[in-house]
Engineer: 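Next up is a structure, given as structure tokens.
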Amino acid sequence: MSDALRRLLNTTPQKPAITPHVGVLTLHFQLYGCADLKAKRKAFTPMRAIWGREPDLAVAETADLEALDCATWTIAALGASSRAIQERLDQVEKAIAERIDAPVLDVQREIL
């Protein structure tokens, strides 16, 4: 290592590494009156249209893809702290319950 590089490394302060936190929210829905998969997808259009465009969220249908009477969606949130992620997932869960016309049977949360 050259002397110039050694001096540069010694004088430049090292920034602390930022460790992002990840929260996962899984919602299990019960569906009524869906005659085909097209009707099921239409019922959940707001999931991707609204929350799928948020920069801190990732939204996907993760199970029951072919079932007409139920659906499982997972939302992953990225944030600086566990508390911020918990608040964000609370906000998203409440908004989904208000906008999606399907009862939520089960909710699972995990902070990684």
Side-chain angles (χ1 to χ4, degrees):
M1 184 182 320
S2 71
D3 290 330
L5 180 59
R6 188 173 290 121
R7 282 191 305 251
L8 180 64
L9 289 174
N10 288 336
T11 59
T12 306
Q14 297 293 327
K15 294 183 180 181
I18 299 173
T19 305
H21 297 272
V22 178
V24 179
L25 173 68
T26 303
L27 302 166
H28 302 278
F29 295 93
Q30 179 69 47
L31 297 172
Y32 300 105
C34 287
D36 56 9
L37 290 176
K38 186 175 181 180
K40 177 182 175 181
R41 288 190 185 104
K42 186 176 180 180
F44 288 100
T45 298
M47 292 290 284
R48 281 198 187 101
I50 297 170
W51 298 286
R53 295 176 191 230
E54 295 288 326
D56 62 334
L57 299 177
V59 180
E61 186 175 8
T62 54
D64 305 319
L65 300 176
E66 301 295 323
L68 296 178
D69 62 341
C70 59
T72 302
W73 284 78
T74 300
I75 298 97
L78 185 67
S81 70
S82 297
R83 182 174 166 227
I85 291 175
Q86 194 73 351
E87 290 173 1
R88 179 68 167 140
L89 291 178
D90 287 340
Q91 176 189 26
V92 170
E93 182 182 351
K94 182 179 176 185
I96 288 173
E98 292 173 356
R99 289 190 179 230
I100 301 298
D101 188 27
V104 177
L105 298 177
D106 186 34
V107 177
Q108 297 173 349
R109 287 179 186 236
E110 187 175 359
I111 304 294
L112 307 173

Engineer: Can you measure from CG (L78) to CG (L57) and round to the nearest 0.5 angstrom?
Structural biologist: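 Taking CG in L78 and CG in L57, the distance rounds to 9.5 Å.
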Engineer: Tell me the ring-ring contact (aromatic ring centres under 6.0 Å, His included) pairs involving residues 76-100, sequence neighbours left out?
Structural biologist: none
Engineer: Return each pair, listed once, that meets ring-ring contact (aromatic ring centres under 6.0 Å, His included) where at least one residue sits in residues 33-56; pairs must be two or more places apart or across chains.
Structural biologist: F29-F44, F44-W73
Engineer: Not counting sequence neighbours, list each pair that qualifies as a ring-ring contact (aromatic ring centres under 6.0 Å, His included) and has a residue in residues 84-112.
Structural biologist: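 Non-adjacent pairs meeting ring-ring contact (aromatic ring centres under 6.0 Å, His included): zero.
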Engineer: If hydrophobic residues (ILVMFWY) are linked whenever their side-chain heavy atoms come closer than 4.5 Å, directly or via other members, who joins L37 in its cluster?
Structural biologist: L68
Engineer: In the single-linkage hydrophobic clustering (I, L, V, M, F, W, Y; side-chain heavy atoms under 4.5 Å), do I100 and I75 co-cluster?
Structural biologist: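 Per the 4.5 Å side-chain linkage, I100 and I75 are co-clustered.
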Engineer: Partners of S81 by side chain to side chain donor-acceptor pair (under 3.5 Å), sequence neighbours excluded?
Structural biologist: none
Engineer: My understanding is that only residues two or more places apart in sequence, or in another chain, count here; which of them pass salt bridge (charged side-chain N to carboxylate O under 4.0 Å, His left out) with D64?
Structural biologist: none
Engineer: Can you list every pair that meets salt bridge (charged side-chain N to carboxylate O under 4.0 Å, His left out) and has a residue in residues 69-85, with sequence neighbours left out?
Structural biologist: R83-E87
Engineer: Who are the side chain to side chain donor-acceptor pair (under 3.5 Å) partners of D101, not counting sequence neighbours?
Structural biologist: none
Engineer: To the nearest 0.5 Å, what is the distance between CD on E54 and CZ on R88?
Structural biologist: 4.5 Å
Engineer: What salt bridge (charged side-chain N to carboxylate O under 4.0 Å, His left out) pairs are there with at least one residue in residues 37-51, not counting sequence neighbours?
Structural biologist: K40-E61
Engineer: Are side-chain heavy atoms of V59 and I50 found at a separation under 4.5 Å?
Structural biologist: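 V59 does not reach I50 side chain to side chain.
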Engineer: Show me the donor-acceptor pairs within less than 3.5 Å that the side chains of residues 104-112 make with the rest of the protein, sequence neighbours left out.
Structural biologist:
{"from": "D106", "atom 1": "OD2", "to": "Q108", "atom 2": "NE2", "distance (Å)": "3.4"}
{"from": "R109", "atom 1": "NH1", "to": "D90", "atom 2": "OD1", "distance (Å)": "2.9"}
{"from": "R109", "atom 1": "NH2", "to": "D90", "atom 2": "OD1", "distance (Å)": "2.7"}
{"from": "R109", "atom 1": "NH2", "to": "E93", "atom 2": "OE1", "distance (Å)": "2.5"}

Engineer: Does A49 offer a backbone N or O that forms a donor-acceptor pair with the side chain of R53 under 3.5 Å?
Structural biologist: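 Confirmed, R53 side chain pairs with A49 backbone.
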Engineer: What closest approach, in Å, do I85 and G23 show between heavy atoms, and which atom pair accounts for it?
Structural biologist: CG2-CA, 3.6 Å
Engineer: Could you pull out all residues at least two apart from A39 that satisfy side chain to side chain contact (heavy atoms under 4.5 Å, CB included)?
Structural biologist: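 Applying side chain to side chain contact (heavy atoms under 4.5 Å, CB included) to A39 gives C34, D36.
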Engineer: Treat each ILVMFWY residue as a node, draw an edge where side-chain heavy atoms are under 4.5 Å apart, and state whether V24 and I96 are in one component.
Structural biologist: no
